[in-house]
Amino acid sequence: MHKIIVANYKMNGSKKLYRHILNKLNKLELKDTALILCPPFLYLPFFKISNDAIHLGVQDISNTINKKSTGQISPKMAKEFGAEYSIVGHSERRSLGETDELINQKINVLLSSDMTPILCVGEKSKDENLNIVLKQLKDAIKGIKNHFELIIAYEPVWAIGTGEIPSIAHVNKVAKSLRKFLDKVDVDYKILYGGSISDENYQDMARSEIDGFLIGGISLEVNKFIEIVKGIDNE
Ligand code: 13P
């Protein structure tokens, strides 16, 4: 599997919309691209996948396996409904107070349950020092000793849902610093880009040194999403 495209449906959708989306995605024939679909927890049971290229993920996970955790969902529960991945540390959760420490706990909980984290990192504003991105990554995986798998989504917060995207040079600079650090860690990783990816700009961004995309808004517009997926798969 060469490229990865993750759909983060956030708090969108309905049974009707997801039926429509899945009808189309299940028919896709992909050569070298894996799709990871991350619906809200409640809809996981409706995600009947009949396509080997498609995998399921969730948008968040409990930081503990302690059952006295009202409102939380454990990896064991998510796995029972087919989820193999979980987004962790999305900026929309960090903005609710999720700390690097909580994110580190969630990654540990996921890895001990054989689920793969999709860790989101990214600077808040355009003028912020990019060292923050590397620090978010280091804090998230601090203390992990054994070999592990990780997907990192570089999502500059200022690019999420705004229609603005960073330059390829900017994305390459961040990806290079993350790779330089990760190449010294016992980890298999992929680096994705997320933030305002659309059918109009994905080809440009695909020229940067990344392994795929994390897509929000456009993942709900299934025809445009499929255009992106096919375009990437045919590269
Ligand atoms: P948009 O693609 O809507 O900008 O969202 C990106 C994102 O937050 C994916 O996690």
Side-chain angles (χ1 to χ4, degrees), residues 3-13 17-18 21 25 33-41 43-44 47 54-61 78 83-98 102-103 106-107 110 115-126 128 132-133 136-137 140 150-168 170-171 174-175 178 189-206 208 210-229 231-232:
K3 295 274 165 56
I4 298 178
I5 297 181
V6 182
N8 177 7
Y9 295 115
K10 306 193 179 184
M11 199 172 72
N12 291 290
L17 179 67
Y18 288 132
I21 287 177
L25 295 186
T33 305
L35 287 187
I36 304 172
L37 309 181
C38 301
F41 288 120
Y43 291 99
L44 270 183
F47 273 64
I54 303 183
H55 304 265
L56 279 181
V58 287
Q59 298 173 15
D60 191 27
I61 205 74
E84 301 165 75
Y85 299 84
S86 175
I87 297 174
V88 183
H90 193 282
S91 61
E92 287 155 14
R93 298 214 56 88
R94 290 182 194 256
S95 72
L96 296 174
E98 185 154 290
L102 265 177
I103 291 165
K106 290 180 179 193
I107 289 189
L110 286 166
M115 284 179 76
T116 304
I118 303 169
L119 170 69
C120 298
V121 291
E123 75 280 9
K124 282 203 190 109
S125 66
K126 281 186 190 168
E128 197 170 353
I132 184 70
V133 184
Q136 287 170 340
L137 168 64
L150 182 69
I151 298 174
I152 297 143
Y154 169 52
E155 297 206 302
V157 181
W158 54 268
I160 295 178
T162 59
E164 270 194 282
I165 57 167
S167 66
I168 290 176
H170 179 111
V171 174
V174 173
L178 300 181
Y189 66 90
K190 297 271 187 188
I191 299 179
L192 314 182
Y193 167 80
S196 292
I197 282 298
S198 74
D199 49 319
E200 281 164 18
N201 63 23
Y202 80 94
Q203 277 164 321
D204 280 344
M205 192 51 87
S208 63
I210 48 154
D211 307 303
F213 297 126
L214 172 54
I215 301 182
I218 294 292
S219 62
L220 295 152
E221 297 184 44
V222 69
N223 291 336
K224 291 183 181 174
F225 182 71
I226 286 175
E227 189 181 325
I228 298 173
V229 172
I232 293 295

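Worth knowing before you read on, the calculation uses all heavy atoms, side chains too, and leaves out hydrogens, waters and symmetry mates. Whatever order the structure lists ligands and atoms in, that order sets their numbers, starting from 1.
Lys10 NZ, 3.3 Å is the protein heavy atom nearest to atom 5 (O) of ligand 1. The nearest protein atom to atom 10 (O) of ligand 1, hydrogens excluded, is given as His90 NE2, 2.9 Å; this is a heavy-atom distance. Counting only heavy atoms of the protein, atom 7 (C) of ligand 1 lies nearest to Glu155 OE2, 3.0 Å. The nearest protein atom to atom 2 (O) of ligand 1, hydrogens excluded, is given as Gly216 N, 2.9 Å; this is a heavy-atom distance.
In this structure, of Ser196, Pro156, Gly217, Gly194, the residue bringing a heavy atom nearest to atom 3 (O) of ligand 1 is Gly217.
Contact annotation: for Ile160 versus ligand 1, heavy atoms closer than 4.0 Å belong to both the backbone and the side chain.
Distance check: Tyr18 OH to Leu44 CG gives 10.0 Å after rounding to the nearest 0.5 Å. The line from OG of Ser196 to CD1 of Ile160 is 8.5 Å long, rounded to the nearest 0.5 Å. Rounding to the nearest 0.5 Å places NE2 of His55 at 9.5 Å from CG of Leu37. Taken from CG in Leu119 to CG in Leu178, the straight-line distance is 9.5 Å, to the nearest 0.5 Å.
Every side-chain contact (heavy atoms from CB on, under 4.5 Å) that Leu220 has, sequence neighbours left out, goes to Tyr9, Asn12, Leu17.
Around atom CD of Glu221, more than 12 heavy atoms belonging to other residues, nucleotides or ligands sit under 6.0 Å away.
Taking every heavy atom of Asn8 and a limit of under 4.0 angstrom, the matching atoms of ligand 1 come to 9 (C), 10 (O). Listed by atom number, the atoms of ligand 1 under 4.0 Å from Gly161 heavy atoms are 1 (P), 4 (O).
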